[in-house]
2 protein chains.
Amino acid sequence: MTTQTDYFDRPLRADAERNRAKILDAAAIVFADLGLEATLDQVAAAAGVGVGTVYRRFPDKDALIGALFENGVDEIANLASSADTMENSWDALVWFLEQALSRQCVNRGLREIVAGSPYAEARLDQAKCRIAPAVELLIERAQRDGYLRDDLVTTDFMILEMMISLLGNKTSHVAPDLWRRYLTIILDGLVVSRSAPSVLRQLPADSIMSDALGSVHRHARRHN
Amino acid sequence: MTTQTDYFDRPLRADAERNRAKILDAAAIVFADLGLEATLDQVAAAAGVGVGTVYRRFPDKDALIGALFENGVDEIANLASSADTMENSWDALVWFLEQALSRQCVNRGLREIVAGSPYAEARLDQAKCRIAPAVELLIERAQRDGYLRDDLVTTDFMILEMMISLLGNKTSHVAPDLWRRYLTIILDGLVVSRSAPSVLRQLPADSIMSDALGSVHRHARRHN
DNA sequence: CTTAACCGGAGTTTGTAACTCCACTTAATT
DNA sequence: AATTAAGTGGAGTTACAAACTCCGGTTAAG
């Protein structure tokens with residue numbers, strides 16, 4: 001893969017290529033932690049280069065974000081498709097939610113793109129449109145098989161996913177797995193019937209949370 | 001009630017008092033719609049006064065917010081206490097959640113304060129500390145009576161409330177009652193056991209949502 | 001009629017983030 | 001090793017937004 005940004009096919013100079021990689025790596029981390037509002041100055045600092053270098057390689061912030069999350073988004077789309085090959089439809093649905101959420105909860109930038117941020121481009125929107133139909137199949141199968149309550153629609157899952165991933169981002173720095181607790185609770189609410197709650201005890205809860213809740217809230221506004 | 005802001009007890013001039021009321025009324029609406037980031041210029045415009053007038057009456061933004069939400073927060077605290085007088089403990093818990101959420105979902109400013117915004121002061125934090133113990137009683141009662149799964153703690157409810165009210169704010173302008181749909185689902189996940197899901201059909205869903213979801217996301221960033 | 005309180009809103013201050021510019025450095029080619 | 005186009009850092013520019021001030025003109029109250 002001979003990466004280049006310019007109009008014509010001249011390979012980048014060795015140091016330039018090296019820096020491009022450093023920038024991409026740093027941006028991945030910075031946007032994952034701080035979300036898409038992170039400054040390109042922050043990215044540059046994290047990469048150990050000057051801002052100028054970032055702008056030489058990527059025309060603007062959107063371009064960098066586009067290059068960075070191209071994969072991430074249709075990785076999620078693929079998760080939905082491959083979940084659909086599992087034999088048990090409830091397991092498939094749960095597996096998909098866990099996989100998708102574990103990615104979005106750990107990566108604030110990805111969550112913001114999937115949730116539809118101002119930085120997302122047409123190219124990414126396209127991939128996002130591939131997610132909905134695939135999820136719809138998962139839902140319909142689980143409903144036909146009598147696992148999932150049948151008064152739910154695709155958008156319900158978009159919203160529930162949004163709620164959980166938002167929480168996931170807010171708590172990822174103090175209790176990275178806390179979101180699973182609420183996914184479990186919500187899944188218990190989505191099922192047609194059950195005689196007992198799913199196990200929750202092994203998931204993080206009170207101890208971490210009570211101290212953390214304050215810092216979560218404080219963390220909510222200005223980042224880093 | 002002879003309102004005044006100055007150090008010594010001189011009643012405000014008639015027009016000043018009138019404006020103070022206009023400002024408070026306007027601020028209530030503006031902060032409810034736009035959240036606490038709303039500009040005092042916006043408040044002034046909504047009140048039909050100049051910014052100067054706002055600043056003459058309230059030393060700064062925090063003071064205005066303080067004066068405005070003093071009640072709101074401990075109204076919620078009172079809800080918890082009065083829920084505790086209901087005979088059925090499950091109904092009490094559900095009633096409290098519905099009441100508290102219906103207030104926070106319709107009022108973005110209130111939600112931000114309860115969630116712990118930078119504008120909240122010690123005075124408000126104090127009231128918030130009154131909420132937690134009262135809710136704890138509700139929870140323990142519902143658990144003792146075998147309604148509520150017993151692996152839940154107070155902070156779980158704080159978090160679930162945060163998740164729902166956040167959604168409520170995001171969707172209040174297109175589907176004011178949508179949050180009830182997810183409260184219902186979550187309650188179905190909190191109950192010890194059930195043979196069927198609670199009724200969901202009469203709550204808003206697909207029709208409104210699919211169009212709205214986009215505008216919700218777009219609305220997420222810069223307001224108004 | 002006097003005057004202290006009040007009013008509006010243009011303007012100031014402060015802060016932030018995207019992005020540019022250019023003197024200097026360096027990889028690649030001859 | 002000389003040449004040079006490509007690349008680099010980071011101070012500086014531009015743009016914008018929001019909190020808050022200032023003051024010439026207005027008005028309620030005694």
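Reminder, nothing fancy here: chain letters follow the sequence lines and each chain counts from 1. Quick note: numbers below take in every heavy atom, side chains included, and nothing from hydrogens, waters or symmetry partners.
As rounded to whole Å, 14 Å separates atom P of C:dT16 from atom CG of A:L34. The interatomic distance linking B:L40 (CG) with D:dA19 (P) rounds to 6 Å, in whole Å. The CD-P distance, from A:E17 to C:dA28, rounds to 11 Å in whole Å. Rounded to an integer number of Å, the gap from B:R56 CZ to D:dC23 P is 14 Å. Per the geometry, CD belonging to B:Q42 stands 11 Å off P belonging to D:dA17, to the nearest Å. Between A:F58 atom CZ and C:dT20 atom P there is a gap of 15 Å when expressed in whole angstrom units. If you take CG of A:D15 and C1' of D:dG7, they are 6 Å apart, rounded to a whole angstrom. Between the CZ atom of A:F31 and the C1' atom of C:dA17 there is a distance of 12 Å, given to the nearest Å.
The pair B:D33-B:R108 fails the salt-bridge criterion, with no side-chain N (NZ, NE, NH1 or NH2) lying under 4.0 Å from an Asp/Glu carboxylate O. By the 4.0 Å N-to-carboxylate-O rule, B:D177 lies close enough to B:R180 to be salt-bridged with it. Here B:E17 does not pair with B:R13 in a salt bridge; the nearest charged N to carboxylate O distance is not below 4.0 Å.
Taking only side-chain nitrogens and oxygens, B:R13 never comes nearer than 4.0 Å to OP1 or OP2 of D:dA29. Checking the phosphate oxygens (OP1, OP2) of C:dC6, no side-chain nitrogen or oxygen of B:N19 falls inside 4.0 Å. Using a 4.0 Å cut-off, some side-chain N or O of B:R10 falls inside it from OP1 or OP2 of C:dA5. Of the side-chain N and O atoms in B:R57, one or more sit less than 4.0 angstrom from OP1 or OP2 of C:dC7.
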### B:R20 and B:F58: CA distance, side-chain angles, deciding distance, side chain to side chain contact (heavy atoms under 4.5 Å, CB included) verdict
CA-CA 9 Å; B:R20 197 188 126 95; B:F58 302 92; 3.7 Å; yes

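Of the residues near DNA chain D, A:G52 and B:Y55, the one whose nearest nucleotide (by heavy atom distance) lies more toward the 5' end is A:G52. Comparing B:A14 and B:D41 by the nucleotide of DNA chain D that holds the closest heavy atom to each, the one mapping nearer the 5' end is B:D41.
The side chain of A:T53 lies closest to D:dT8, out of D:dG7, D:dC20, D:dT8.
In terms of the salt bridge (charged side-chain N to carboxylate O under 4.0 Å, His left out) criterion, residue partners of B:D84 (sequence neighbours excluded) are, by chain and number, B:R141.
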